[in-house]
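Chain letters run A, B, ... following the sequence lines, proteins first, then strands; residues in each count from 1.
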Amino acid sequence: MTKMMQTDQIEWEIGGKRLTSRMFIGSALYPSPAVMEDAIRASQVQVVTVSLRRQGVNKEAGEGFWKIIRELGVEVLPNTAGCHSAKEAITIAQMAREVFSTNWIKLEVIGDQYNLQPDPYETVEAAKVLVKEGFEVFPYTTDDLVVAKKLVDAGCNILMPWG
Amino acid sequence: MKSISVSVNGEKKMLPAECSIKEMLKRLSFHDEWLGVAVNGEFVPKDAFARTFLKEEDEVDVLAPVSGG
């Protein structure tokens with residue numbers, strides 16, 4: 001137990017930030033915002049994934065959620081979920097950088113809606129553009145070695161294989 | 001007053017001609033502190049909201065933070 005606690009305190013660096021926790025946690029599919037908040041606190045994670053969605057006219061959608069996340073003081077990793085092309089993903093990433101004040105982006109370009117397999121061609125294209133624009137790109141990719149190499153060649157320092 | 005028809009998050013909206021993104025957000029009661037905006041698929045930075053004017057048949061996306069995995 002003591003050994004595990006010591007290991008947990010070892011700092012590591014990812015995407016230009018120094019962390020002690022090695023776990024990232026998603027913020028979706030919790031039964032309520034309160035359960036999400038409790039889970040994030042209990043896990044002691046330092047990185048939480050978030051997203052952007054169309055906001056309904058005359059509504060305050062998202063404000064409550066984003067207020068909770070801000071108050072937790074964690075790093076956020078926005079994603080481009082729901083995108084099916086490099087162009088869409090680039091636009092969402094640019095919006096996310098401004099809204100969430102981070103250059104981190106979990107690049108997701110879906111190639112198959114049934115199993116959510118990423119589209120490697122569009123993902124690599126988007127990664128090239130986003131890296132040039134100063135993003136730290138965390139691409140959601142397949143376990144294909146050639147695609148992985150192309151993402152690294154594009155300037156990605158991190159890969160997030162699906163599975 | 002001349003008006004224009006634009007699509008905002010997929011809904012048709014009538015707005016006055018010469019309507020900026022800043023004005024559009026105000027008229028449609030968007031709370032713009034934590035919003036991302038794109039017009040015809042192109043990102044528009046917040047500091048350009050006041051000087052970016054909408055045109056007939058523009059397609060505007062207004063996005064807000066939500067949970068995600």
| Where is the tightest heavy-atom contact between Gly41(B) and Thr91(A), given as atom of each residue plus distance? | O-OG1, 2.7 Å
| message | Pair Arg54(A), Val62(B) - check side-chain contact (heavy atoms from CB on, under 4.5 Å), show working. | response | CA-CA 6 Å; Arg54(A) 281 178 166 182; Val62(B) 182; over 6 Å; no
| said: Could you check whether atom CD of Glu133(A) has more than 12 heavy atoms from other residues, nucleotides or ligands sitting under 6.0 Å from it? | reply: yes
| Options Val76(A), Val50(A), Leu77(A), ranked by heavy-atom pairs under 4.5 Å with chain B, top entry | Val50(A)
| query | If only atom types and distance count, is the side chain of Asn79(A) paired as donor or acceptor with the main-chain N or O of Gly69(B) below 3.5 Å? | reply | yes
| note | Whatever's closer than 4.5 Å to a heavy atom in chain B on Gln94(A) counts as both
| task | Look at the side-chain heavy atoms of Ile, Leu, Val, Met, Phe, Trp and Tyr, link any pair under 4.5 Å apart, and say whether Tyr140(A) and Leu107(A) land in one connected group. | result | no
| Under 4.0 Å between a Lys/Arg side-chain N and an Asp/Glu carboxylate O for Lys87(A) and Glu42(B)? | yes
| For the atom pair CG (Asp61(B)) and CE (Met95(A)), what is the distance rounded to the nearest 0.5 Å? | 6.0 Å
| message | List the residues meeting ring pair (Phe, Tyr, Trp, His ring centres under 6.0 Å) with Phe135(A), not counting sequence neighbours, and say none if there are none. | response | none
| Any donor and acceptor pair, going by atom type alone, linking the side chain of Ser27(A) with main-chain N or O of Gly68(B) inside 3.5 Å? | yes
| message | Taking atom NZ as the centre, does Lys26(B) end up with more than 12 heavy-atom neighbours from other residues, nucleotides or ligands that are less than 6.0 angstrom away? | response | no
| How long is the gap from CG on Leu29(A) to OG on Ser67(B), to the nearest 0.5 Å? | 7.0 Å
| Is Val48(A) reachable from Met23(A) through a run of hydrophobic residues whose side-chain heavy atoms are each under 4.5 Å from the next? | yes
| field | Region of Phe100(A) that comes under 4.5 Å of a non-hydrogen atom in chain B | value | side chain
| query | Would the number of heavy atoms belonging to other residues, nucleotides or ligands and lying under 6.0 Å from NZ of Lys149(A) be above 12? | reply | no
| query | For the side chain of Glu98(A) and the backbone of Gly36(B), is there at least one donor-acceptor N/O pair under 3.5 Å apart? | reply | no
| remark: Taken in chain and number order and not counting sequence neighbours, the residues that satisfy salt bridge (Lys or Arg N to Asp or Glu O under 4.0 Å) with Asp119(A) are none
| field | Cluster link Phe24(A) to Val66(B), ILVMFWY, side chain under 4.5 Å | value | no
| query | Among Arg53(A), Glu88(A), Met36(A), Arg97(A), who wins on heavy-atom pairs under 4.5 Å with chain B? | reply | Arg53(A)
| field | Over 12 foreign heavy atoms within 6.0 Å of CD, Gln117(A) | value | yes
| How about Leu63(B) and Ile92(A): do any of their side-chain heavy atoms sit closer than 4.5 Å? | yes
